[in-house]
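To start, the structure under review is shown below, and the notes come after it.
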Amino acid sequence: VGIPMTYLEIGVYEGRTFFWIIENAHKVYEKSNKKSKLSFYAIDPHDTSEDLNCDMKKIQKNFKENLEKYYETHKDNAFNVQYIQKTSREGLMQLYQENVKCDLIYIDGDHRAGTVLSDLTFSFDYLMSKYSVAICDDTGFWRHYEDEERTKSRLQNNPRLATENFMFCNWDNCKPVFLPDLSQTGIMKL
């Protein structure tokens, strides 16, 4: 059908990308008249953020309101949506215990290189099979991430370092996917 049967997003913020994926899945399924059960997982602790200066409680409230609107709009044909309010590591461990495998994973949580590398390494094992894809956001350019005190290097605060190193270390098991949005990196499982 061309859409993921199981989708995982790490770092959903208010849910813009998450619900865009779900709404497009509904459009495809309405046209195809298929009745398969799709599953969507959102992992975000919504408590603090090292790289965002915002009220995370308000962001979480907006996400939950968007989730309620989704269920109101699709009360007769809602997909399985699970919101996991945990850190990426804790949420991924929960999905591991539930034996969840995904067709598509979108990583847009903590942007520090070490955390992105950890998210990518753990979540890559959750990809269902060959040709499943993980996408990391904000990796296309060597962005100028700096902490306010300038105590950490820009590299430590940059997701691109993580994606490049992951691909170099796993070259025989993955390949880059060229995406129209140059600020994202796609990695296909081989």
Side-chain angles (χ1 to χ4, degrees), residues 1-49 52 54-111 115-116 118-129 131-138 159 177 179 181 184-189:
V1 174
I3 59 172
M5 297 292 290
T6 307
Y7 172 74
L8 165 62
E9 187 168 326
I10 298 172
V12 293
Y13 199 65
E14 293 178 333
R16 181 176 164 197
T17 301
F18 188 74
F19 293 110
W20 182 86
I21 292 281
I22 292 174
E23 288 304 324
N24 280 286
H26 274 285
K27 289 176 187 174
V28 170
Y29 261 66
E30 287 167 11
K31 289 179 184 176
S32 70
N33 291 322
K34 293 195 176 197
K35 299 295 179 199
S36 296
K37 190 70 172 165
L38 303 185
S39 296
F40 298 85
Y41 299 91
I43 298 175
D44 199 315
H46 283 119
D47 60 358
T48 62
S49 176
L52 297 173
C54 57
D55 179 359
M56 291 307 291
K57 292 299 174 198
K58 181 178 178 186
I59 300 302
Q60 179 188 37
K61 180 179 178 278
N62 292 343
F63 177 79
K64 286 182 174 181
E65 287 174 359
N66 288 332
L67 185 57
E68 287 173 17
K69 285 179 195 170
Y70 166 73
Y71 279 120
E72 287 171 16
T73 305
H74 298 283
K75 55 184 153 213
D76 296 330
N77 64 343
F79 296 136
N80 175 40
V81 177
Q82 186 175 348
Y83 169 44
I84 302 168
Q85 188 183 348
K86 296 181 178 181
T87 65
S88 56
R89 185 173 289 225
E90 292 167 340
L92 288 168
M93 289 304 296
Q94 177 180 325
L95 294 180
Y96 173 78
Q97 292 169 345
E98 295 173 11
N99 200 29
V100 171
K101 293 288 187 182
C102 301
D103 298 306
L104 179 62
I105 297 173
Y106 188 69
I107 300 172
D108 191 20
D110 186 328
H111 283 55
T115 308
V116 174
S118 175
D119 289 349
L120 187 53
T121 301
F122 282 117
S123 65
F124 206 72
D125 287 337
Y126 291 77
L127 288 174
M128 188 163 299
S129 60
Y131 312 118
S132 297
V133 175
I135 298 173
C136 295
D137 198 23
D138 299 319
V177 175
L179 302 172
D181 185 340
Q184 298 174 332
T185 300
I187 304 170
M188 179 185 293
K189 185 174 188 174

Write down the atom of [X], the atom of [Y], and the distance for their closest heavy-atom approach.
| X | Y | answer |
| --- | --- | --- |
| Phe124 | Ala134 | CD1-CB, 4.4 Å |
| Met56 | Asp47 | CB-O, 3.5 Å |
| Pro4 | Leu38 | O-CD2, 3.9 Å |
| Ser88 | Ile43 | CA-CG2, 3.8 Å |

Item to complete: For side chain to side chain donor-acceptor pair (under 3.5 Å), just list the numbers for Asp137 and Tyr106, CA-CA rounded to whole Å, side-chain angles, deciding distance to a tenth of an Å, and then say yes or no.
Response: CA-CA 8 Å; Asp137 198 23; Tyr106 188 69; 3.2 Å; yes
Out of [options], which residue meets the side-chain contact (heavy atoms from CB on, under 4.5 Å) rule with [X]?
| X | options | result |
| --- | --- | --- |
| Leu127 | Lys101, Met188, Lys189 | Lys189 |
| Phe18 | Asp44, Asp108, Val81 | Val81 |
| Pro159 | Thr185, Val116, Asp119, Leu120 | Val116 |
| Ile135 | Leu179, Val177, Ile105 | Leu179 |

Going from [atom1] on [X] to [atom2] on [Y], what distance comes out if it is rounded to the nearest 0.5 angstrom?
| X | Y | atom1 | atom2 | answer |
| --- | --- | --- | --- | --- |
| Tyr126 | Asn99 | OH | CG | 9.5 Å |
| Cys136 | His111 | SG | NE2 | 9.5 Å |
| Lys37 | Phe79 | NZ | CZ | 8.5 Å |
| Thr73 | His26 | OG1 | NE2 | 9.0 Å |

For [Y], is there any backbone N or O sitting under 3.5 Å from a side-chain donor or acceptor partner on [X]?
| X | Y | result |
| --- | --- | --- |
| His74 | Glu72 | no |
| Ser132 | Ser129 | yes |
| Asp103 | Thr6 | yes |
| Asn62 | Glu14 | no |

For residues 91-98, dump all side-chain donor-acceptor pairs below 3.5 Å to protein atoms at least two apart in sequence or in another chain.
residue	atom	partner	partner atom	Å
Gln94	OE1	Lys86	NZ	2.8
Gln94	NE2	Glu98	OE2	3.1

Practice prompt. State which residues pass salt bridge (Lys or Arg N to Asp or Glu O under 4.0 Å) with Glu23; sequence neighbours excluded, sorted by chain then number.
Written response: none
Worksheet item: Which residue pairs satisfy the salt bridge (charged side-chain N to carboxylate O under 4.0 Å, His left out) criterion with at least one member in residues 57-71, sequence neighbours excluded?
Response: Lys61-Glu65
Worksheet item: Can you name the one residue among Tyr83, Phe63, Tyr7 that meets ring-ring contact (aromatic ring centres under 6.0 Å, His included) with Phe19?
Response: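 The ring-ring contact (aromatic ring centres under 6.0 Å, His included) with Phe19 is passed solely by Phe63 among Tyr83, Phe63, Tyr7.
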Worksheet item: Do the non-hydrogen side-chain atoms of Tyr29 and Asn77 ever get within less than 4.5 Å of each other?
Response: no
